[in-house]
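These notes are about the structure you will find just below.
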2 protein chains.
Amino acid sequence: MKTKITLKDIARELEVSISTVSKALKNSEEISRDTKEKVQAFAKLYNYKPNNIAISLKNKRTKNIGVVIPDIVHHFFTTVIRGIEKYANARGYNVIVCLSEESFDKEVINMEMLANGSIDGFIMSLSSETQQKGDYNHLKEVTEQGIPVVLFDRITNEIDCDKVVIDDELGGYIATKKFIEQGKRKIAMITTGDYLSVSKARTMGYQKALSESSLGVNDDLVLKMPSMEMDENRIKEFLETQKPDAVLCVNEIFAVYSMRLVQKSGLKIPDDISFIGFTDGVLSKYANPSLTVVAQHGEKMGEVSAKMLIDKIESEEEEETYQTKILEPTLVIRESINQ
Amino acid sequence: MKTKITLKDIARELEVSISTVSKALKNSEEISRDTKEKVQAFAKLYNYKPNNIAISLKNKRTKNIGVVIPDIVHHFFTTVIRGIEKYANARGYNVIVCLSEESFDKEVINMEMLANGSIDGFIMSLSSETQQKGDYNHLKEVTEQGIPVVLFDRITNEIDCDKVVIDDELGGYIATKKFIEQGKRKIAMITTGDYLSVSKARTMGYQKALSESSLGVNDDLVLKMPSMEMDENRIKEFLETQKPDAVLCVNEIFAVYSMRLVQKSGLKIPDDISFIGFTDGVLSKYANPSLTVVAQHGEKMGEVSAKMLIDKIESEEEEETYQTKILEPTLVIRESINQ
DNA sequence: ATCTGCCACGAAAACGGTTTCGTGTTGATA
DNA sequence: TATCAACACGAAACCGTTTTCGTGGCAGAT
C-alpha cells in the first residue's frame with residue numbers, strides 16, 4: 001500500500017522547504033526555473049495530489065454542495081439531481097445527496113450535519129412534513145450563517161433565498177385548456193391534499209381554466225386523495241359516479257392507475273375519456289396508451305438551481321438580493337388524448 | 001449574519017485555553033465540574049458545533065462515502081442509493097454521489113476528485129464503457145492507496161475488493177424455468193450485447209434452464225439489441241418471425257415495449273404470449289398488464305454494500321480479505337404470465 | 001569598498017480542531 | 001516544614017495546505 005504523498009514528503013526528499021514546494025507546484029514567479037522543474041517532476045513521478053480537506057480548511061470552502069430532497073426513488077427528483085450533478089461537476093463541485101424521506105426530523109438532522117463545514121451551499125426541496133408543519137427554523141439558521149440556499153419545486157415564502165419553481169398553476173391551466181379546446185365537457189381532476197404546494201397550484205390552474213370557460217368549476221369533479229397510497233376503490237367510485245370525459249392527474253401514478261381502471265370497465269382512451277398527468281417520467285412514456293403529460297423539465301431545474309447556487313457561492317459581494325426563477329411547463333402530447 | 005463560533009472564540013470569551021474548552025466539551029475527567037458546566041453552557045448558548053473539516057483533517061477520516069454510478073435516472077440505481085443512504089446515515093456517514101454517465105473518462109475523473117481526501121471509501125458500479133475497455137487502473141490506484149472499495153452489480157474480477165452482486169444467472173434461470181414449467185415451448189430472450197456483465201449472466205441462466213430441459217437452446221430465439229435505444233422494427237421483426245410464446249427481457253423497458261407491440265398485433269398477454277422482465281421498477285408495477293419481473297432488491301444491495309464498506313473503513317486491522325456477497329433474485333409474479 | 005536592490009527561498013502563522021505532555025497549585029503526609 | 005501526589009489546566013505539536021513576510025547572498029552601481 002503506497003500511502004499518499006504530501007508537500008512535506010516532497011520537501012524532505014528534495015531538501016527544500018514546504019513553502020517552496022507549494023509555490024513551485026503553483027508555478028509561482030518567486031521560484032527559480034530549476035527548482036520548479038525539479039519539484040514538478042518529482043510530484044508527477046510520485047503522483048502528488050493536494051489533500052482536499054486541508055485545502056478546504058484553509059480556504060473555508062469545500063467545493064461540495066448539499067442536496068436535500070424528500071425522495072430519490074422518484075423520477076422527477078432524479079432528473080433534478082442529474083441536472084445539478086452535471087452542472088456542478090462542470091464547475092468543479094461535488095454533490096452530497098441527503099434524503100429527508102418526507103420527514104421533518106430527517107431534514108433537520110441532515111442539514112445540521114452538512115452545515116458544519118461540509119458544504120458551501122444547499123439545494124433543497126422541502127419534505128411534505130415540513131410543509132405541513134410550516135416550521136422553517138432549520139432553514140433560517142442556515143441562511144443566517146451566511147450559507148447560500150436554493151429552494152426548488154417545493155418551496156416556501158417564509159425563507160428569503162433563491163428559488164426555482166415550475167409554474168405549476170400554468171401547468172394545470174394549459175392542460176385543462178387543452179381539454180376544453182378539444183370539447184371535453186366533464187373535466188375531472190385527481191390530486192392530493194393541499195398540503196403539497198405543487199398539488200395546490202396545479203389544482204388552482206385547473207380551476208382557473210375552467211372558470212374562464214363556459215364550463216365553470218364543479219368541486220365534485222375534484223378528487224383529493226389523502227395520501228400517495230393508491231386506493232383503488234376510492235378512484236373507481238369517483239370515476240364511476242362522476243363519469244368524466246377527461247381527467248387531469250396531479251402525477252403519473254394516479255394517471256396510469258386510473259387509465260387501467262377505466263380500460264378494465266371497457267372505456268376507450270382517448271375517445272371515451274382522455275388523460276393528462278404531471279411529470280414526464282418513464283411511466284408516461286411506456287404506459288399503454290402512452291400518457292400526455294405536463295413536463296416539468298427537472299434536469300433544467302437542477303441546472304438552473306446549481307447555477308444560481310454556485311454563482312452566489314462564488315460571488316464576492318454579499319448581495320442580499322434573491323431571485324425566483326419560474327420555469328414554464330410544457331405539454332408532451334402522447335396517445336392518452338386526441339391529437 | 002451570525003458567523004460560526006469556534007473553540008478559540010469560546011476560549012477567549014471564557015478566558016481559558018482552547019484545550020480546556022475542547023476537553024470540557026468532551027466531558028473529560030481532567031476538567032473540573034465548574035469549568036465543564038461553564039463551558040458547556042456557553043457552547044450551548046451560542047450553538048457551538050465543531051467544524052467537520054477540521055475534524056476530518058485531524059482524524060484523517062471524513063465520514064463521507066463516495067458513490068459512483070453510471071446513471072441515476074434509472075430505478076435500480078436509485079433504489080441502491082436509497083439503501084446506501086439509509087444505512088450510511090444511520091452510521092453517521094454522508095453520501096457523495098457522482099455520475100459516470102456510462103463514460104470511462106467521467107468515472108476516472110470523479111474517482112480522482114474524491115480520492116484526494118474527500119471520502120473514506122467508494123461504492124461503485126462500473127460504467128459500460130469501462131467494462132468494454134477493461135481498463136481498471138483507476139480502481140487499482142485507489143485500492144493501492146488503501147481506500148476501501150465495494151463494487152456492486154456491474155463488477156470486475158480484475159480488482160481485489162469487496163463485491164455485492166445479484167446472481168443474475170440464477171435470475172435468468174428461474175424466470176426461464178418458470179416458463180418451462182408453465183408449458184411454454186418457444187421461449188425467447190431480448191437482451192443487450194454481452195458488453196454488460198449483467199446481460200451476459202442473465203442470458204447464460206436462460207440458456208442453462210433451456211439446455212436442462214427438453215427444449216434445448218436455439219440461438220435464433222435470442223435477440224441482442226446493440227444499444228439501449230429502442231428499435232421498434234428490430235423487435236417487431238424478431239417477434240413476428242420467431243413467434244415465441246414466452247419472452248424473457250433483460251430489462252423493464254424492453255419488456256414493456258415488446259408487450260405493447262404484441263398487443264397491437266392482437267395477441268393476448270399472458271395466454272398467447274407471456275413476459276418476464278428484470279428490475280422491479282415502477283414500469284413493471286404499473287404496466288398494462290403488470291409485468292412479472294426478476295426483482296433485484298436494489299435497496300438491500302445498497303444496504304449490504306454500505307455495511308461492507310463502513311465495516312472495512314472502521315476496522316482497525318488491515319485485513320486483505322475480500323468477500324463477494326451474492327444476493328438471490330426473486331420472481332415477482334404479476335399479470336404478464338399465467339398464475 | 002560600500003550600498004542598493006533583487007532573487008530565491010525559508011520561517012511561521014493560519015484554518016479549527018485533538019491530544020500529549022508539562023506544570024503550578026493545593027492539600028495531605030511524614 | 002519538606003515532600004509528594006493529585007488535580008486542573010495550559011502549551012504546543014499535529015493534520016496538510018496557503019500565504020505573508022523576512023532574509024541571506026549576490027550582482028551591479030557608486
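Quick note: numbers below take in every heavy atom, side chains included, and nothing from hydrogens, waters or symmetry partners. Lettering follows sequence order; numbering is per chain, from 1.
Atom NZ of B/K8 and atom C1' of D/dA12 are 14 Å apart (whole Å). Between A/L7 atom CG and D/dC15 atom P the separation is 13 Å, expressed in whole Å. Summarising the geometry, the separation between NZ on A/K26 and P on D/dT20 is reported as 12 Å, rounded to the nearest angstrom. If you take CD of B/E29 and C1' of D/dA8, they are 12 Å apart, rounded to a whole angstrom. What separates CG of B/N116 from C1' of D/dC15 is a distance of 16 Å, to the nearest Å. Between B/N59 atom CG and D/dG16 atom P the separation is 12 Å, expressed in whole Å.
With sequence neighbours excluded, no residue satisfies side-chain hydrogen bond (donor to acceptor under 3.5 Å, both in side chains) with B/D160. Every residue two or more places apart in sequence or in another chain that forms a side-chain contact (heavy atoms from CB on, under 4.5 Å) with A/T324 is listed here: A/K163, A/V165, A/I326. A search for side-chain contact (heavy atoms from CB on, under 4.5 Å) contacts involving B/K8 returns B/T6, B/I18, not counting sequence neighbours. In terms of the side-chain contact (heavy atoms from CB on, under 4.5 Å) criterion, residue partners of A/Q132 (sequence neighbours excluded) are, by chain and number, A/S128, A/Y195. Listed by chain and number, the residues in a side-chain contact (heavy atoms from CB on, under 4.5 Å) with B/L57 are A/I53, A/A54, A/L57 (sequence neighbours excluded). Remark: B/K307 engages B/D311 in a side-chain hydrogen bond (donor to acceptor under 3.5 Å, both in side chains) (not counting sequence neighbours).
The residue A/T6 sits close only to the backbone: its heavy atoms come under 4.0 Å of sugar-phosphate atoms, none of a base. Note on B/K60: only backbone sugar-phosphate atoms sit closer than 4.0 angstrom, heavy atoms only; bases stay farther off.
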Can you give each donor-acceptor pair under 3.5 Å made by side-chain atoms of residues 106-113 of chain B, sequence neighbours left out, with the distance rounded to 0.1 Å?
residue: B/K106; atom: NZ; partner: B/E101; partner atom: OE2; Å: 3.2
residue: B/E107; atom: OE1; partner: B/S127; partner atom: N; Å: 2.8
residue: B/E107; atom: OE1; partner: B/S127; partner atom: OG; Å: 3.3
residue: B/E107; atom: OE1; partner: B/T130; partner atom: OG1; Å: 3.2
residue: B/E107; atom: OE2; partner: B/T130; partner atom: OG1; Å: 3.1
residue: B/E107; atom: OE2; partner: B/H138; partner atom: NE2; Å: 2.8
residue: B/N110; atom: OD1; partner: A/N89; partner atom: ND2; Å: 3.1
residue: B/N110; atom: ND2; partner: B/L99; partner atom: O; Å: 3.1
residue: B/N110; atom: ND2; partner: B/K106; partner atom: O; Å: 3.1

List, one per line, each side-chain donor-acceptor pair under 3.5 Å for residues 139-150 of chain B, sequence neighbours excluded.
residue: B/E141; atom: OE1; partner: A/N47; partner atom: ND2; Å: 3.4
residue: B/T143; atom: OG1; partner: B/L139; partner atom: O; Å: 3.1
residue: B/T143; atom: OG1; partner: B/K140; partner atom: O; Å: 2.9

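From one end of the helix from C/dA1-D/dT30 to C/dA30-D/dT1 to the other, with five pairs defining each end axis, the axis direction shifts by 90° (rounded to 10°).
At distances below 3.5 Å, not a single donor-acceptor pair connects side-chain atoms of B/E303 with backbone N or O atoms of B/E85.
The two residues A/V80 and A/M301 have their closest heavy-atom pair at CG2-CB, 4.5 Å.
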- Task: Please lay out, stage by stage, how B/F152 and B/I69 fare under the test side-chain contact (heavy atoms from CB on, under 4.5 Å).
- Result: CA-CA 10 Å; B/F152 75 88; B/I69 53 172; 3.8 Å; yes

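From the 5' end on, the contacts that DNA chain C makes with chain B at under 4.0 Å to a non-hydrogen atom open and close at C/dC15 to C/dC21.
A distance of 9.0 Å separates CD1 of B/I65 from CG of B/N94, quoted to the nearest 0.5 Å.
Along DNA chain C, the nucleotide nearest to A/E30 and the one nearest to B/I53 differ in position, and the one closer to the 5' end is contacted by A/E30.
Within residues 31-42 of chain B, the residues that have a heavy atom under 4.0 Å from DNA chain D are, in order of number, B/I31, B/S32, B/T35. Within residues 13-21 of chain A, the residues approached by DNA chain C to less than 4.0 Å at the level of any non-hydrogen atom are A/V16, A/S17, A/S19, A/T20, in residue-number order.
Contact check, A/Y48 against D/dT17: a side-chain N or O comes under 4.0 Å of OP1 or OP2. The side chain of B/K23 places no N or O atom within less than 4.0 Å of a non-bridging phosphate oxygen (OP1 or OP2) of D/dA8.
With B/I84 as the partner, the side-chain contact (heavy atoms from CB on, under 4.5 Å) test is satisfied by one option alone out of B/T79, B/L309, B/V67: B/V67.
A salt bridge links B/R154 with B/E102; the closest basic N to acidic carboxylate O contact falls under 4.0 Å.
For D/dT17, the base has no donor-acceptor partner in the side chain of A/K58 [N/O atoms by modelled type, under 3.5 angstrom].
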